[in-house]
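Notes follow once the structure below has been shown.
In what follows, chains carry the letters A, B, and so on, assigned in the order in which the sequence lines appear, proteins first and then strands, with residues in each chain numbered from 1.
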Number of protein chains: 2
Amino acid sequence: MNLVSIYAKKLRNSGLRPTKQRIKICEVLFDTEKTFHFSINDLSKIVNNKSSQKISLATIYNTVHAFKEKGYLKQIPLNANQAYFDTNISDHHHFYDVKEKKLIDLDNSDVGPINIYKKINGKKIKSVEVLVKLED
Amino acid sequence: MNLVSIYAKKLRNSGLRPTKQRIKICEVLFDTEKTFHFSINDLSKIVNNKSSQKISLATIYNTVHAFKEKGYLKQIPLNANQAYFDTNISDHHHFYDVKEKKLIDLDNSDVGPINIYKKINGKKIKSVEVLVKLED
DNA sequence: CACGTAGTTTAGAATCATTATAAACTAGTT
DNA sequence: AACTAGTTTATAATGATTCTAAACTACGTG
Ligand SMILES: [Mn+2]
Ligand SMILES: [Mn+2]
Ligand SMILES: [Zn+2]
Ligand SMILES: [Zn+2]
């Protein structure tokens, strides 16, 4: 079974039709050993440099939102003028190099266990994300 | 010594002229027992509901940036369509209630010690911020 | 107390990431 | 083949933030 049919199946299983746009975006996002961080603009450039059949920016937005919704991507909490996403969907954290404006993964094993002692009535914890800002 | 002259002194010490706009913004931000979270728009409304002499939005932006620069305010790392700031400048963390879109302080004492084992060459840690997302 | 100047405020314009719109297109079903 | 819900797309709209440049002001100097 080739990657394209794996992506098609994955999309169908999520209730998303496996269009050629979504497949191509899957190839860029998931055909790689390493995970990576990207903005919508980054992704648009990567995708559209790969072939002459362009994918519109609107579709990139739609797809990233859909993939995030389905849990295939995570958005990184960060104060920047654009949103950053992560193909690494495991529980993990980030260094943010403020000067270089660069994100670096901090695996869960790179951070000691995090204990939250405060409880909020009727709410449960959905995620715990640590942002470590770096300076020189 | 009244609050206004305390603010004036604080501003002068930071190299900022104590204008009536900045003093008024200081009063809103710092004349209170409790710290709080706000967006630029929140602050603009609060400030301008207090008196008939309005402060322009540009000045609110300028002042918040200046105060953040000087360390009198912190920006909260969060994925939202506008920036959120905090008058609580102590080291602390946040709950984010995703449904209600509400931030809740998590004091340092509400979170166990956080150990970062990974090192980045030539960089040192500037801050460690935890965002705990809540769901029902 | 003028005066000069750097710093500040402001209205309004510009920017730009993101979202909305609605028409054309297509995957999957009958 | 025909139908339909879902998708893509160009384009417009939105809205937070930043920029601009002119008017204003705090404050040191003579
Ligand atoms: Mn980028
Ligand atoms: Mn608000
Ligand atoms: Zn990551
Ligand atoms: Zn806070």
Can you measure [X] atom [atom1] to [N] atom [atom2] for me and round it to whole angstrom units?
X     : N      : atom1 : atom2 : answer
A/L57 : C/dC16 : CG    : P     : 14 Å
A/I23 : D/dG6  : CD1   : C1'   : 15 Å
B/N62 : D/dT18 : CG    : P     : 10 Å
A/K24 : D/dT7  : NZ    : P     : 18 Å
B/I25 : C/dT8  : CD1   : C1'   : 12 Å
A/I60 : D/dA10 : CD1   : P     : 12 Å
B/K20 : C/dT9  : NZ    : P     : 9 Å
B/I55 : D/dT25 : CD1   : C1'   : 15 Å

What contact category does A/K54 fall into here, base, sugar-phosphate, or nothing, at under 4.0 angstrom with non-hydrogen atoms?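 Contact class for A/K54: sugar-phosphate only.
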
Using a 4.0 Å heavy-atom cut-off across all strands, classify A/T59 as base, sugar-phosphate, or nothing.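 Touches a base.
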
Per B/Y61 side chain, nearest of listed nucleotides C/dT9, D/dA16, D/dT8: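 Nucleotide nearest to B/Y61's side chain: D/dA16.
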
Look at the side chain of A/A58 and decide which nucleotide, out of D/dC19, C/dA20, D/dA16, has an atom nearest to it.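 Among D/dC19, C/dA20, D/dA16, the one nearest the side chain of A/A58 is C/dA20.
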
Is A/I40 close to A/Q82 at the side-chain level, that is, under 4.5 Å between some pair of heavy atoms?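 They are not in side-chain contact.
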
Which atom names give the shortest non-hydrogen contact between [X] and [Y], and what distance separates them?
X     : Y      : answer
B/P77 : B/E129 : CD-OE2, 3.2 Å
B/I89 : B/G71  : CD1-O, 3.4 Å
A/A8  : A/I23  : N-CD1, 3.8 Å
B/K74 : B/D91  : NZ-CA, 4.4 Å

So which one's nearest nucleotide on DNA chain D is more toward 5', A/G15 or B/I40?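 Its nearest nucleotide lies further toward 5', so the answer is A/G15.
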
Does a side-chain N or O from [X] land closer than 4.0 Å to OP1 or OP2 of [N], or not?
X     : N      : answer
B/R22 : C/dT9  : yes
B/H65 : D/dT18 : yes
B/Q21 : D/dT25 : no
A/T19 : D/dT8  : yes

State whether A/F30 and A/K10 meet the cation-pi test: NZ (Lys) or CZ (Arg) under 6.0 Å from the six-membered ring centroid, and within 45° of the perpendicular axis.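 A/K10 over A/F30 ring: yes.
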
When the ring planes of B/F36 and B/F38 are compared, do they come out parallel, tilted or perpendicular, using 30° and 60° as the limits?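 B/F36 and B/F38: tilted rings.
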
Ring-plane angle category for A/Y72 and A/F67, please: parallel below 30°, perpendicular beyond 60°, tilted otherwise.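 Judged by the thresholds at 30° and 60°, the geometry between A/Y72 and A/F67 is perpendicular.
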
May I ask you to list the residues of residues 71-79 of chain A, by number, that have any heavy atom positioned under 4.0 Å from an atom of DNA chain D?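 Correct list: empty, so none.
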
Within a radius of less than 6.0 Å around NZ of A/K50, do more than 12 heavy atoms belonging to other residues, nucleotides or ligands occur?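 Not buried by this count: 12 neighbours or fewer within 6.0 Å.
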
Give every pair of a protein N or O atom and an N or O atom of nucleotides 27-30 of chain D that lie under 3.5 Å apart, one pair per line with the distance.
unit_1 : atom_1 : unit_2 : atom_2 : d
D/dC27 : OP1    : B/R12  : NE     : 3.0

B/D86 and side chain to side chain donor-acceptor pair (under 3.5 Å): which partner among B/Q75, B/H94, B/K68?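 By the side chain to side chain donor-acceptor pair (under 3.5 Å) criterion, B/D86 pairs with just one of B/Q75, B/H94, B/K68: B/H94.
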
